[in-house]
There are 2 protein chains.
Amino acid sequence: MTRYRPIKAKLRKDKSATAERGNRVRSAYQQLRELIVHGRLAPGSRIIEADLSHRLGVSRTPVRDALRWLQQEGFVAGNSRTGVKSRLVVAPLTKEDARELYWIVGRIEGLAARKAAELEPSARAALAKRLRTLSDRLRGMARTGRRDPKRVFELDRSFHRNIVEASAGPRLLALHNAIQPQAERYWRLYASAIVDQLATSVAEHARIIRAIAGGDGDAAEHGVEVNWQNGAQRLGSVIDTLGERGSW
Amino acid sequence: MTRYRPIKAKLRKDKSATAERGNRVRSAYQQLRELIVHGRLAPGSRIIEADLSHRLGVSRTPVRDALRWLQQEGFVAGNSRTGVKSRLVVAPLTKEDARELYWIVGRIEGLAARKAAELEPSARAALAKRLRTLSDRLRGMARTGRRDPKRVFELDRSFHRNIVEASAGPRLLALHNAIQPQAERYWRLYASAIVDQLATSVAEHARIIRAIAGGDGDAAEHGVEVNWQNGAQRLGSVIDTLGERGSW
DNA sequence: CTTCGGAAAATTGTATGCTAAATTGTATAC
DNA sequence: GTATACAATTTAGCATACAATTTTCCGAAG
């Protein structure tokens, strides 16, 4: 095995480097998550600590910490083959998993939407305004048919994120932070196909905005739930068409 | 620091010991969680890795892994004091946190209840029957006024657990496993007071059972949500009365 | 008595060696 | 040709050394 003593020397001199003490775990976490979400680590492929630690230029310890975290969040899973325990793999992407995931995200975010709709009127109005801006941009892209999945994704994500950030407490926020990004894996995988069905989603957004602006918690929650459920359906039909892309 | 080389020697000889290789993290996790839930590690108190590793007779490495896990689940939190980062404390118990937690559990479990109500009729019926048994026992305890918090807790927990296990997929199950036990911390703390309001809770259970038996997903989900919301309220009023028991 | 500086102690972050478990490869018997 | 046993290799679990940082404690100055 390669004998490496990587960043250490550099660290000593370069105090201003991004990798101060205590950031290796975080940095490893972010990098690994990025790799997984973008599919540069193939779903289902085995994870080897030493490989990753080498790749990221740190020792196995922070990589381990990061992996535990990713495992808890569901990006990485135990290799469940009969009996044998705890060999890690990149969590596979399956239709079933997608469905369950989207339902869950819907409930979490729905709860946040309810809370948002129960904010004081001025805060609600401000939020609604921001949401309208985002939604309008999405509508624009749907109308002109400009195909730019990355931008669409960012706008959609921002829309949902705004709702949560406006109202959620620490727990709800943390939960959303942990779960929502996993939906991103599916989105990215089927992005181009999903963009086609953008108009529908935009229409659903409108209902959510109206509910929040009007202070109708029930409707806001329900609207968000429906949006995600339909998202699951849209995603599902795309998966049916293109097949489960287990590997890349 | 104490020089300990604890189980190793023992391990060699005693192959049958519970602590085979690969179980130290799990074991540490379970023990620590137990300690926290039972309040033997006081809410808000600082966590010292070396202490715990000594206490559990393992090195810091598995303790660290276990702590990361507990942190992500919310039993352990970063010490948020201004600026300084990532010093761990046992997650404090506050009224605000309890409210948020109960709401979230309600949504998660509500989703499971919906799925349960959408099972095939025979499975639904079997589940409903089990639930009725549990609920009847609870009703009995409420009627006779027998004060046995531990038993009440077990019955109530079993009720909710049955719903989730009957229907939830792996993700939902994992999420419930992670979140629900945190409600247990609050329950334990205020158990005796909560038992008084048992009858109400039992009535709510009846509605849930009816919805599941009848295959009414909406009603089942709503029933569970309401049950937890009311639970939050009941808990809240107890906390108001007794005060937040930050320390034990 | 309070506050400030700074040394000493405590505590966490990180790397790494060692060992057990698990996987893979290989040879031999059937 | 397939199955089984066994050896070699790989990989993860754990302990531990050490370093960087934070906290605590103590004395001097205000």
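Here the structure is a predicted model, which is why all the values come from computation and not from measurement. All chains are named by letter (A, B, ...) in the order of the sequence lines, taking the proteins before the strands, and each is independently numbered beginning at 1.
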With heavy atoms under 4.0 Å as the rule, sort Ile47(A) into base, sugar-phosphate or nothing. sugar-phosphate
Where the side chain of Pro62(B) is defined as all heavy atoms beyond and including C-beta, which of dT11(D), dT12(C), dC14(D) is the nearest nucleotide? dC14(D)
Name all residues meeting the side-chain hydrogen bond (donor to acceptor under 3.5 Å, both in side chains) criterion together with Glu34(B); count only those two or more places apart in sequence or in a different chain, and write none if there are none. none
How would you list, by chain and number, every residue that makes a salt bridge (charged side-chain N to carboxylate O under 4.0 Å, His left out) with Asp148(B), sequence neighbours excluded? Arg146(B)
By nearest-nucleotide position on DNA chain C, the 5'-leaning member of Glu49(B) and Thr61(B) is Glu49(B)
Ion pair check, Arg24(A) and Asp65(A), cut-off under 4.0 Å: no
Rounded distance (Å) that lies between atom C1' of dA12(D) and atom CD of Gln71(A): 13 Å
Report yes if a side-chain nitrogen or oxygen of Arg87(A) is closer than 4.0 Å to either non-bridging phosphate oxygen (OP1 or OP2) of dA21(C); otherwise report no. no
Between Lys150(A) and Glu154(A), is there a side-chain N and carboxylate O pair less than 4.0 Å apart? no
I want to verify a distance call: between dA15(C), dC14(D), dG13(D), whose nearest atom is closest to the Ser59(B) side chain? dC14(D)
To the nearest angstrom, how far is Ile48(B) atom CD1 from dA9(C) atom P? 18 Å
From CH2 of Trp69(B) over to P of dG13(D), roughly how many Å is that when rounded to an integer? 12 Å
Is the Trp187(A) ring parallel, tilted or perpendicular to the Phe153(A) ring (thresholds 30°, 60°)? tilted
CG of Leu56(A) versus C1' of dT14(C): gap in Å, rounded? 14 Å
Given the structure, check if the side chain of Arg60(A) and the base of dG13(D) hold any donor-acceptor pair shorter than 3.5 Å. yes
Give the rounded distance in Å between these two atoms: CG of Asp65(B) and P of dT12(C). 15 Å
Between P of dT12(C) and CZ of Arg26(A), the distance in whole Å: 16 Å
5'-most contact on DNA chain C (nearest-nucleotide basis), Arg64(B) vs Arg46(A), goes to Arg64(B)
Rounded distance (Å) that lies between atom P of dA20(D) and atom CG of Asn23(A): 15 Å
Interatomic distance, Arg24(A) CZ vs dT16(C) P [rounded to whole Å]: 10 Å
